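Please read all numbers here as calculations on a predicted model, not as lab measurements.
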Amino acid sequence: MPIIALIIIGAAAGFLATRLMRLETGIIPTVCIGMAGALIGGLVLRFLMTVMGFMAGFVGAVLGALLLIWLWQRYAGR
């Protein structure tokens with residue numbers, strides 16, 4: 001069940017992050033961006049704060065996805 005939750009949260013976070021960064025991607029890259037962002041954001045949030053719960057995980061996933069998109073556009077987009 002946690003894998004399904006990661007995919008759902010990753011899809012939502014990836015969708016929100018790609019729209020905020022004005023990045024046009026397909027469904028698979030959006031979900032992958034969101035899942036990677038969820039991992040990055042989850043690690044950062046757990047390191048900085050001891051906030052648990054769905055909303056904290058979603059916020060961390062969106063922030064991680066935004067960071068990942070920014071890094072990709074900054075360094076790989078050249």
Side-chain angles (χ1 to χ4, degrees):
M1 189 69 148
I3 293 174
I4 294 172
L6 178 64
I7 292 171
I8 292 170
I9 291 172
F15 176 78
L16 185 60
T18 55
R19 296 308 172 249
L20 288 173
M21 297 295 285
R22 293 183 178 97
L23 182 69
E24 295 296 325
T25 61
I27 293 171
I28 301 297
T30 300
V31 172
C32 290
I33 288 170
M35 289 172 57
L39 292 173
I40 294 168
L43 291 173
V44 170
L45 274 182
R46 285 189 182 154
F47 181 71
L48 296 176
M49 304 163 74
T50 57
V51 176
M52 298 300 284
F54 172 76
M55 195 52 133
F58 182 71
V59 170
V62 171
L63 291 175
L66 287 171
L67 175 67
L68 185 66
I69 291 170
W70 180 78
L71 288 170
W72 181 57
Q73 286 179 338
R74 179 87 173 170
Y75 297 108
R78 292 182 181 194

Ignoring hydrogens, what is the shortest heavy-atom contact between Ala13 and Ala65? Give both atom names and the distance. O-CB, 4.3 Å
Quick one: pull up CG in Leu68 and CD in Gln73 and give me the separation to the nearest 0.5 Å. 10.5 Å
Rounded to the nearest 0.5 Å, the CZ atom of Arg19 sits from the CD atom of Glu24 at a distance of 5.0 Å
Leu66 side, atom CG; Leu16 side, atom CG - distance, nearest 0.5 Å: 7.0 Å
If you apply the rule side-chain hydrogen bond (donor to acceptor under 3.5 Å, both in side chains), what do you find for Thr30 with Thr25, and how did you get there? CA-CA 6 Å; Thr30 300; Thr25 61; 2.6 Å; yes
If hydrophobic clusters are built by linking Ile, Leu, Val, Met, Phe, Trp and Tyr wherever their side-chain heavy atoms come under 4.5 Å apart, do Leu23 and Ile28 end up in the same one? no
Establish whether Met21 and Phe15 are linked, either directly or via other cluster members, by ILVMFWY side-chain heavy-atom contacts under 4.5 Å. no
